[in-house]
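Please read all numbers here as calculations on a predicted model, not as lab measurements. Just follow the structure's listing: the first ligand is 1, and inside any ligand the first atom is 1.
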Amino acid sequence: MTLHQNFINGDWTGTEAVPNFNPSDTNDIVGEFARGDANDVANAVTAARQAFVKWAHSGPMERHAVLRKASDEILTRKEELGRLLAREEGKTLAEGIGETVRAGQVFDFFAGEALRLAGETVPSIRPGIEVDITREPVGVVGIITPWNFPIAIPAWKIAPALCYGNTVVFKPADLTPGCAWAIVDILKRAGLPGGVLNLVMGKGSVVGQAMLDHSGIDAITFTGSVATGKRVAAPCAEQMRKVQLEMGGKNPLVVLDDADLDTAVECAVNGAFFSTGQRCTASSRLIVTDGIHDHFVKSVTTRMKALVVDNALKEGTHIGPVVDQNQFEQDEKYIAIGRDEGAHLAFGGERLNRETPGFFLQPALFTEATNEMRISREEIFGPVASVIRVGDYEEALAVANDTPFGLSAGICTQSLKHASHFKRNSEAGMVMVNLPTAGVDFHVPFGGRKGSSYGPREQGRYAREFYTTVKTAYIQP
Ligand code: UN1
């Protein structure tokens, strides 16, 4: 089996080979991937610092060309890369291809943005003086990505980093190095100069920690858990470097009496269980008013019974496996906690045996849950959702906002009044009306409030807040 190596200063390097398992079939090894250490991080930072001198001053056409080529190749190879994604992460093939297309679109968007870099000229309050405001790259950006969107999240961090002239040290999730390696390989062949993008695969506790400890990294962008996010933020504050964190969610989907039932059921099932519920935008709290509650629960369970949980690569699968044994145990632990807390397990929650040995879990729905229960407050990150019954819209909004998180919030209603009020008063970074809380566009800002996000937004034009620093120049001609 060929070893996929780290990529440092334009060279493939590394010897320690770690197998990457397929969660749909643990007998299937997706590939062998190198594991880096602090020394590799130090070399990657040195290379990135050297490369920064030139890349920061590269012209828009050069950046455009590389990002454009990468986009073209990702889109051309979408079936193959989507399959790799489904095989290593456990999303269904359709979801894997969809995510790959999203990654291609992100590169395309930032290829365009590279040509649209512009500043502002402002008249000074002093006669004869000109003021101009420009954006410059931040420097070496450390990128730490999670396993649940193994191609889209690296894309939406790497593409803007390069677009705005930064160089990169990239550490992908240990569980999903395949897509990360493929993106780096594509960018290398798209003509990116050596040292501009460095890949160091391996453990968070080793490679991630070495990145946090290294003073040569100017900014760190991270997507992952709240606990790890806090560990990333603290040393960044200490060293006064820029940090951007995208963390968890406990996203509410409010369903009001006047909702279209089919729409509400579709939003709930998609938002809670698609991608095996492993999305920080997943709808894990279904907040439902009395009048529609029983119909809603009945229809959701009927719909859940029809979901095919199986090998991600198999035709007809709706829900792939949980990503690994640890996550599976976490999901099971929370299902037990929900029962102990007195919620009613209305459907699912059991392990499923399929043709191939994998981590198959029947999506679980709790009813009679309260917002105080741990299953309603803590992020589970699996196909587990709870229904919280409320009396009216006002109570639904209060419950929706009563959470340590604030990423995405949805409402299903036909009332313009309630939809508008919810949009304005929801304490979340993203609001969805008659749509699932998960599944976002690639060209608009992504991020949340409270414990969900820290620092500037990702994606779209808003990405430049993090990946650039502003310079105000005063000129007396
Ligand atoms: C989506 O819902 O389309 O890690 C994207 C996550 C998020 C991305 C969600 N950062 O789940």
For residues Gly358 and Arg351, report the shortest heavy-atom separation together with the two atoms involved.
O-NH2, 3.2 Å
Using a strict cut-off of under 4.0 Å between a residue heavy atom and any atom of ligand 1, list the qualifying protein residues by chain and number.
Arg102, Asn148, Phe149, Ile153, Trp156, Thr223, Arg279, Cys280, Thr281, Ala438, Gly439, Val440, Phe446
Does Phe109 CZ have over 12 foreign heavy atoms under 6.0 Å away?
yes
Over 60° means perpendicular and under 30° means parallel, so tell me whether His4 and Trp181 are parallel, tilted or perpendicular.
perpendicular
In terms of the angle between their ring planes, are Tyr467 and Tyr164 parallel, tilted or perpendicular, with boundaries placed at 30° and 60°?
parallel
Does Lys157 offer a backbone N or O that forms a donor-acceptor pair with the side chain of Glu458 under 3.5 Å?
no
Can I get a per-line list of side-chain donor-acceptor pairs under 3.5 Å for residues 138-147, giving both atom names and the distance, sequence neighbours left out?
none

